[in-house]
Amino acid sequence: TGVTGTTGNTGATGTTGATGPAGTNDVTSIIAGSGITISPAGGTGAVTVTAIAHGKKLFNTIGTATFTVPAGVTQVWISGTGGGGGGGRTTNASGAGGGGGAAACIANSVSGLTPGAAITVTVGGGGAGANTVSAGATGGTSSFGSYISLTGGSGLPNTGAQTLGGAPGTATATSGGGVTVAALPAGGGGAYGSAPISSGTPSGGTGGGTMFGSGGGGGFSASNAATAGFNGGLYGGGGGGGSEDGNGGSGAQGFILVEW
């Protein structure tokens with residue numbers, strides 16, 4: 001075999017081939033409600049992933065305040081109660097006052113909000129316990145804008161003998177203006193206050209309770225002495241009724257918790 005010859009000159013570069021199809025984004029789906037968005041929405045080209053910070057704000061000062069919807073947020077979850085009703089009082093040594101009703105309570109979602117919108121939040125106070133022969137005072141209403149209203153529990157009807165417990169508050173959800181409030185769950189309100197025990201050793205009725213606070217216990221006396229009812233617990237609980245001319249306990253205040 002003969003000797004191999006030298007390598008010839010390199011040939012000219014060929015023409016560029018056709019451009020291939022555009023690649024797709026690595027991120028193809030997100031969890032609904034996670035606050036993450038993908039841009040562009042078409043799923044081609046460069047990807048920008050934006051995450052919305054989650055947070056919460058507690059309103060537990062009686063009166064009104066403002067919640068500003070955070071940037072990128074359109075849905076929030078609301079928990080809260082109105083104020084509990086005050087416990088009642090009687091004047092005789094063989095009777096007792098009924099417990100105050102619990103406030104309405106709720107855990108619910110509100111969607112379709114506009115980022116940056118200012119929403120008025122109201123926190124209701126607890127109803128005062130009776131310090132004269134009367135029903136305890138009705139608790140105040142808590143609310144989140146015009147979308148959710150949680151009325152306070154009532155003192156028992158002033159029947160003189162004070163033989164009834166107070167009624168619970170009422171929760172109302174109102175959608176409108178592009179904002180949707182989820183339907184209220186059944187049984188979301190507080191409980192009735194209990195009637196007093198007026199035979200034997202009188203005992204004031206127990207205040208109604210909510211999922212966020214228990215009702216106050218009724219006053220109890222075995223020595224014919226005036227005994228006050230206890231105040232409602234934490235948020236929305238009704239005050240206990242007084243025993244044998246004892247004052248009624250006061251209802252607990254309400255609150256609003258916003259989470260996103």
Side-chain angles (χ1 to χ4, degrees), residues 29-39 41 50-85 101-127 138-154 166-192 208-213 234-238 251-260:
S29 63
I30 58 174
I31 299 173
S34 66
I36 298 175
T37 60
I38 301 175
S39 178
T50 303
I52 303 303
H54 292 274
K56 59 186 176 182
K57 185 170 180 61
L58 174 65
F59 296 88
N60 61 356
T61 299
I62 297 169
T64 59
T66 300
F67 172 73
T68 301
V69 181
V73 172
T74 60
Q75 182 176 21
V76 297
W77 287 263
I78 305 297
S79 304
T81 73
C105 55
I106 196 176
N108 212 21
S109 66
V110 179
S111 59
L113 297 172
T114 301
I119 298 175
T120 299
V121 176
T122 301
V123 174
T138 297
T141 297
S142 296
S143 61
F144 181 74
S146 60
Y147 310 119
I148 291 178
S149 175
L150 307 170
T151 64
S154 68
T170 301
T172 304
T174 304
S175 299
V179 175
T180 301
V181 183
L184 297 177
Y192 280 85
T210 73
M211 69 176 86
F212 302 108
L234 196 56
Y235 294 122
Q253 70 166 73
F255 80 104
I256 293 289
L257 174 66
V258 186
E259 299 176 273
W260 62 93

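The structure presented is a predicted model; accordingly, all values stated were derived computationally and were not measured. Start at 1 with the first residue, then count along the sequence.
Contact record, A71 with P115: CA-CB, 4.1 Å, taken as the closest heavy-atom pair. Residues F255 and S79 approach most closely at CE1-O, 3.8 Å, considering heavy atoms. In terms of heavy-atom proximity, S143 sits nearest to S149 at CB-CA, 4.2 Å. For the pair T172 and T174, the tightest heavy-atom approach, listed with the atom from each and the gap, is CG2-OG1, 4.0 Å.
Counting only heavy atoms from C-beta outward, the side chains of Y147 and I119 approach each other to under 4.5 Å. Side-chain contact between I148 and V181: present, with at least one pair of heavy atoms (C-beta onward) separated by less than 4.5 Å. Considering only heavy atoms from C-beta on, F144 comes within 4.5 Å of F67 through its side chain. Inter-residue side-chain proximity for I256 and I78 is flagged as met; some heavy-atom pair is nearer than 4.5 Å. For the pair V110 and V179, the minimum side-chain heavy-atom distance is below 4.5 Å.
The backbone N or O of T170 lies less than 3.5 Å from a partner atom in the side chain of T151, making a donor-acceptor pair. Counting only distance, with no hydrogens or angles, the side chain of S142 and the backbone of T81 share a donor-acceptor pair below 3.5 Å. Of the possible polar contacts, one joining the T210 side chain to the Y235 backbone as a donor-acceptor pair under 3.5 Å is found.
Between the CD atom in Q253 and the OG1 atom in T61 there is a gap of 7.5 Å [rounded to 0.5 Å]. Annotation: the span from W77 atom CH2 to K56 atom NZ amounts to 14.0 Å, rounded to 0.5 Å. Note that the CD1 atom of I106 and the CZ atom of F212 stand 9.0 Å from one another [nearest 0.5 Å].
Applying side chain to side chain contact (heavy atoms under 4.5 Å, CB included) to V76 and the options V258, N108, L257 leaves one that passes, V258.
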